[in-house]
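Keep in mind that what you see is a predicted model, and the values were worked out from it rather than measured. These values consider heavy atoms only, across backbone and side chains, with no hydrogens, waters or symmetry-generated copies.
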Amino acid sequence: MKEQVILELEKVIFTNNNIVVKTRKGDVVIEYDNIKEGSYNKKNFFNYLFMQASNYPPGWLFIKFKKKIGKRSSIAFKIKHEDLLKLPNEIVTALTLYDYYRLGN
């Protein structure tokens, strides 16, 4: 099946089969079936206030893998909330962000 680009950002490309994250050491290709869990905190005052308790700052998408990719067991990258809203429901479900979207953030 040919890969179709769904959303292309400066350092991240979402396709119908995977996510490609561009890093300094090379590209990291994440298959959707290799995603264990994902989480995202929207940028707002309260999330910045409670940033100490979080593993990552607001405005970053954090993804944990089922199987390691190279030496990585997880990855985090910056993404705007507006860009995250552009993703189709299938990708949101694969990223396990459906709780986040169900609340209407």
Side-chain angles (χ1 to χ4, degrees):
M1 177 181 237
K2 187 177 177 184
E3 288 195 18
Q4 178 184 1
V5 175
I6 296 172
L7 180 65
E8 185 169 358
L9 305 171
E10 185 178 336
K11 296 190 178 194
V12 183
I13 300 171
F14 290 91
T15 67
N16 58 345
N17 296 328
N18 54 36
I19 303 170
V20 179
V21 182
K22 300 172 188 171
T23 64
R24 285 182 239 157
K25 295 183 179 182
D27 293 349
V28 177
V29 180
I30 307 163
E31 300 291 330
Y32 290 123
D33 59 353
N34 191 26
I35 296 175
K36 183 177 182 180
E37 70 179 85
S39 54
Y40 181 81
N41 282 336
K42 186 178 172 183
K43 288 184 178 183
N44 61 30
F45 176 73
F46 292 108
N47 285 339
Y48 277 107
L49 204 69
F50 297 114
M51 189 167 62
Q52 296 290 341
S54 180
N55 293 336
Y56 53 92
W60 288 65
L61 178 62
F62 181 72
I63 300 173
K64 285 186 180 178
F65 308 138
K66 293 178 184 174
K67 292 187 266 177
K68 287 187 176 183
I69 300 175
K71 294 181 180 180
R72 295 176 184 260
S73 59
S74 63
I75 194 168
F77 53 89
K78 198 180 241 188
I79 185 169
K80 293 180 181 176
H81 182 253
E82 296 82 29
D83 293 333
L84 206 55
L85 292 174
K86 295 176 186 176
L87 294 174
N89 290 336
E90 300 84 35
I91 295 176
V92 172
T93 304
L95 292 171
T96 66
L97 295 175
Y98 37 79
D99 291 335
Y100 174 77
Y101 279 92
R102 195 170 349 139
L103 297 173
N105 292 328

Which atom pair, heavy atoms only, marks the closest approach of [X] to [Y]?
{"X": "Ser74", "Y": "Lys64", "value": "CB-CA, 4.0 Å"}
{"X": "Ala76", "Y": "Phe62", "value": "CB-CD1, 3.8 Å"}
{"X": "Ile6", "Y": "Pro88", "value": "CG2-CD, 3.7 Å"}

Is the shortest side-chain heavy-atom distance between [X] and [Y] below 4.5 Å?
{"X": "Glu31", "Y": "Val29", "answer": "yes"}
{"X": "Thr96", "Y": "Lys36", "answer": "no"}
{"X": "Val12", "Y": "Ile79", "answer": "no"}
{"X": "Ile19", "Y": "Ile63", "answer": "yes"}
{"X": "Asn18", "Y": "Glu3", "answer": "yes"}
{"X": "Leu95", "Y": "Leu87", "answer": "yes"}

Inset, instruction - Go through Lys22 and Ile13 one step at a time and tell me if the side-chain contact (heavy atoms from CB on, under 4.5 Å) criterion holds. - result: CA-CA 8 Å; Lys22 300 172 188 171; Ile13 300 171; 3.8 Å; yes

Inset, instruction - Give the cluster check for Ile91 versus Ile69: same hydrophobic cluster or not, with ILVMFWY residues linked at side-chain heavy-atom distances below 4.5 Å. - result: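 Yes, because Ile91 and Ile69 connect within a single hydrophobic cluster, where side-chain heavy atoms sit under 4.5 Å apart.
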
Legend entry - ILVMFWY cluster, Val20 and Ile75 together (side-chain gap under 4.5 Å):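 The answer is no; the residues belong to distinct hydrophobic clusters.
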
Inset, instruction - Would you confirm whether Tyr32, through its side chain, and Glu90, through its main-chain N or O, come within 3.5 Å as a donor-acceptor pair? - result: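 Checked: no pair found.
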
Inset, instruction - Measure the spacing between NZ of Lys67 and CG of Asp33 and express it to the nearest 0.5 Å. - result: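 Lys67 atom NZ to Asp33 atom CG measures 7.5 Å (nearest 0.5 Å).
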
